Every structure is written in C-alpha cells, then in structure tokens.
Colleague: 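Take this structure, written in structure tokens, and hold onto it; I'll ask about it next.
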Number of protein chains: 2
Amino acid sequence: MNSNDISMTDETAALRGDGIALWRRIGDALRREIADGTHRTGQRIPSEAALAGRFGVNRHTVRQAVAALAQDGLVRTEQGRGTIVTAKPIDYPIGPRTRFSEIVSKQARAPSGRLISASEAEADVEVAAALGLSRGDRVLRLETLSAADGVPLNVATSWFPADRLPGFVAHYAETGSITKALERCGIADYHRRETRVTARIANPEDALALKIEPGSPLIATESVNTDPDGRPIQYSLARFAADRVQIVVQS
Amino acid sequence: MNSNDISMTDETAALRGDGIALWRRIGDALRREIADGTHRTGQRIPSEAALAGRFGVNRHTVRQAVAALAQDGLVRTEQGRGTIVTAKPIDYPIGPRTRFSEIVSKQARAPSGRLISASEAEADVEVAAALGLSRGDRVLRLETLSAADGVPLNVATSWFPADRLPGFVAHYAETGSITKALERCGIADYHRRETRVTARIANPEDALALKIEPGSPLIATESVNTDPDGRPIQYSLARFAADRVQIVVQS
DNA sequence: CCGTATTTGTCCGTATGTATC
DNA sequence: CGATACATACGGACAAATACG
C-alpha cells in the first residue's frame, strides 16, 4: 500500500479495481460529465491540477485522460487557457431548400453572416457556365463568412448575375443573409440544384477567416441555386471547417 | 521592339493586345487544350522549354502560367519528370441507389473491390445503434478497398449483421462487390438511407492503402444501407481520396 | 508596458504491473 | 523460470501561452 491510497478520494476508490487503466476510467468519467452537461460546450473544464487533486492522481495521468478525449474531438486544449469542451459539429443537411440561417436556427444556434469583400467583374468561363451567362457578362462576386453563435462555420465565394440584382451587396451587408438579400431584390424563393462536395486543406487565408489552424481539413462545396423559373441565380464555392460541420444527405 | 516580338508566332500574336497578362492568356490556352483533349489526363504536357518556344515567350512566363494551372489542380508538376495533366475527380453521386460499381462503370472506368481484412465481432454501441441491433450481437466487420481502373478511390470499414449473411465474406472476396455478395445472401436490393459527409486528414494506414501522401485530405462518409423492408443491412465508414473523387448531391 | 499568476506543453527520471518469448 | 519489452503511474522542473491588474 502506498501513500496514494491514503490520499485517495472516494471518487478514485470507486474507479479502481479491475483491469482498466486509471487514465481510461478518468477519461470516461469526464466523458460522462460532458455528456450530462456538467461541463458545457464552449466552456472550460477544471484545470489538470484541479482534476488531479479531485481524482487523487498525478497530473500526467489526467493529461493522458484529457488527451484521449481530445483525440476523440470532445475537447480541445489550449496552452495557457485551459481545456475547452468542443462544440459538436453542426448537421448541415443538403437538399432542394438549403438555407444557412434555417439550418443553424433549427439547431438552437444563432446564425450570422458577414461580408468580407464584394466586387463587380466580368464572368469568366466557369462562372458564366454555372450561371448560364455569356463570358464577360457582369457578375457580382461576394466573399462572405457565415457563423453560428459567433463561431465561423464557412467562408464562401459567391457569384450572382449583376443586372438582375440591383443593390444586392448593400442588402446583404445589412441583413447578413443571402435569402433576405435576394428577397429584397425580388427573388422570393430559390432552390438548390446540385451540390458537389470534396475535401481540401485550409490555405492561410481561409484558416484565418475561419479561425482554424492552417492545414486543417475543409469541406469544399460547389453549388448552384436557381430561381423558381429554374434560372441560376447564385453560384457558390464554399469552404466549411470540417470539425464544426457535417454535411448530411438524405435519400 | 525586343527579340521576343521577332520570334513571336501567330499563336502568340493572337494572344497579345489587351490588358490581360501574357501568362494568364497562355494559361487559358493550355486550359482549353486540356479541356478539349489535346492533352489527355495522366499524360505529360510539352516541356516548359517547348511551350516557351511555341508561344514565343520566356520560360518564366510559361512557368507562371503552369503554376496557375497547378494551383487550380488541373495539372501537377513533378521535378525531373514533367507536368502531368491531373486525372479529373470521379463524380460520385449519392442517392437512394448508390452503387460503387455502377457509378464507376458509368464514367467508363473499371471498378474493382478488394478485401483488406474481415472479422466477426460483437457490435459496440455505435454499430449496434446504426444497424438496429443490440450491443453484443454478432457482426461482420469488413475492411475494403475500392478502385477505378486500378486507382484506389476509397477504403471503407463496413459492418453487417452476421446472422443474416452466412458466407458473406467469401462472396465478397470472390466478387469484389458488396452488391453481388448481398445478392448471393438473398438481399436482392438495398437502399441508401442517409449519408453524412465530412473531411479529414489521411492517417498513415489510409494513406498507404489509397496510395496517397499521409496528410492528404480525405472525404469521410458515414452511411447506412437498408434492405427493401427498411431494416439496416450495412453500416459504413468510408474514406475517399479527395483529389480523385467528388461527391455529387442532386436535389 | 511590465510583472505575476494560471494553465497547458515538454522534458527529465523512477517504479511497477503485464505480456511475450 | 528468467529476460525483455511495453504500458501505466508517479514525481519534479521548466518552457510557453494566456489572462489580469
């Protein structure tokens, strides 16, 4: 019997006994506490020193437990700040009526959109093809950042036919919503025709905008929205932070 | 007037004049040639020196053009070997009837499937939930590699209810097709219920199996297939090489 | 801007139980 | 049975990032 047994708390005693490593039992205990809401998403869990005291173990043992949780994506550790419970990835269902703000609202989060930059230019080959325009036609190009509860979810580059949408940029800047901005331009409704999904590594700019590490995985989507008449109204290349969003396809 | 003008070919002359940089025009020219099949996927385009000669520009100008194409993923440059036209990612449409072999065949490629490993085990919580079983029920666990024209497209870990599929592993090993193996076990048809898509970085094992660099982006999908009665028959976690496959969602 | 406290990250080491040959 | 390797657990010291007054 060593000194640890003496300083052992009831909590630790209950965790000892069979052939499962201490760090794993502590990890599971923390896992349960995260699941049942003792530690809320976005909030810090107690410091390693505090947990070590509470479980009556060495700090390194707690570290191993926390590292296992981090490996599973339940928490993330930040030097100097603490260990924060990771927000679960948001479900992003894709269908004929894909609306960022509705998707986020339905999951009890506050959607927001911010204009990074906007410009008017001539359509290049790909944009013209996607929007059913001729090469050289005037298009609006918007760089936008969408977030849930203030956490960036995606950056998107979108193109719109300029002549059909007077004042669009101002409307978006004001409302932070593509849906609302289109509405103000007389497009009451629109539909998602097709979405292509691939994966990519975040470049420094996207990483900065999304507040993730450069080199993190992104979900890259290419999509076209059409007005009720089936005419393309928006062509988008969006980049989602892969650890915050999960695309859901229902069949 | 410099020496370039003297050696300028008709081709270059046609490219000059307005306010678009030379390298961009050369890049667009190459882009068209790749699009119209002059340079085929997987094949080398002419050397930088040859292109410089043909367009009557300095090699550095060609390099900038090629770099732009590489940035867009149309070509990849390999030191000492040349510039190779990147294989276009295969379209992988997801819908109620998602069949690997059909998808690949339709794009004029030869599908193949290979068993990496198989085992029988007890269902853990997640597998049991996905397949509608109880924890501890017997399940088959298959690790498979699917390819098109011999190029690996994805590795997948799939679980099946063991008691409903006698001889399944042998059937798959023989046919290299989940569809055919299920058929032989009396499941004539099946449907995709839901697919969740996210992105990830390839771990060393997946990278090895897919013959990509560790650290390359993967498209990770989680899906459930059901038999005609709606009972889950397959739960899969698949990892696609992101630069070879593009998920397509039609709405 | 500076110093201090807090917190995680990394390195050194020691001891012990367990699995394997 | 011994020899060996490996994971586990502990102890301590310092570095690095962050927060705060």
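Chain A is the first sequence line, chain B the second, and so forth, proteins listed ahead of strands; every chain is numbered from 1. Since the model is a prediction, treat every value here as computed from it, not as a measurement.
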Colleague: I need the CH2-P distance between W23(A) and dA9(D), as an integer number of Å.
Modeller: 8 Å
Colleague: At under 4.0 Å, does any side-chain N or O of T77(A) touch on OP1 or OP2 of dT7(C)?
Modeller: no
Colleague: Pairing check on dC1(C): which nucleotide meets the Watson-Crick or G-U wobble criteria with it, both distances under 3.5 Å?
Modeller: none
Colleague: Among N154(B), T221(B), D206(B), which residue meets the side chain to side chain donor-acceptor pair (under 3.5 Å) test with R239(B)?
Modeller: D206(B)
Colleague: So if I take every side-chain heavy atom of N58(A) and compare against dC10(D), dT8(D), dG9(C), which nucleotide ends up nearest?
Modeller: dC10(D)
Colleague: Do the side chains of R196(B) and D91(A) get close enough for a salt bridge, i.e. N-O under 4.0 angstrom?
Modeller: yes
Colleague: With the threshold set at under 4.0 Å for non-hydrogen atoms, list the residues of residues 60-71 of chain A touching DNA chain C in residue-number order.
Modeller: H60(A), R63(A)
Colleague: Under 4.0 Å from OP1 or OP2 of dT8(C): is there any side-chain N or O of R81(A) that close?
Modeller: no
Colleague: Show the atom names and distances, to 0.1 Å, of all donor-acceptor pairs under 3.5 Å that link a side chain in residues 126-134 of chain B to residues at least two apart or in another chain.
Modeller:
none

Colleague: Ignoring hydrogens and angles, answer whether the base of dG9(C) and the side-chain atoms of R59(A) contain a donor-acceptor pair closer than 3.5 Å.
Modeller: yes
Colleague: Does R31(A) come within less than 4.0 Å of D28(A), counting only side-chain N to carboxylate O?
Modeller: yes
Colleague: Answer yes or no: does atom CZ of R200(A) have more than 12 heavy-atom neighbours from other residues, nucleotides or ligands under 6.0 Å?
Modeller: no
Colleague: I'd like to know if the side chain of T175(A) and the backbone of S177(A) have a donor-acceptor N/O pair within less than 3.5 Å.
Modeller: yes
Colleague: Provide, to the nearest angstrom, the distance between the CZ atom belonging to R76(A) and the C1' atom belonging to dG9(C).
Modeller: 17 Å
Colleague: Cation over ring, R138(B) on F160(B), under 6.0 Å and within 45°?
Modeller: no
Colleague: For the side chain of S47(A), starting at C-beta, report the closest nucleotide among dT7(C), dA9(D), dG9(C).
Modeller: dT7(C)
Colleague: For E48(A), is there an ion pair with R54(A) - N to carboxylate O distance below 4.0 angstrom?
Modeller: no
Colleague: Check nucleotides 15-20 of chain C against the protein and report each pair of N or O atoms closer than 3.5 Å, with its distance, or say if there are none.
Modeller:
none

Colleague: Give the rounded distance in Å between these two atoms: CD of Q79(A) and P of dT7(C).
Modeller: 14 Å
Colleague: Whole Å only: how far is the CD1 atom of I84(A) from the C1' atom of dA17(D)?
Modeller: 12 Å
Colleague: Heavy atoms only: give me the nearest F100(B)-P111(B) pair and the separation to one decimal.
Modeller: CE2-CB, 4.1 Å
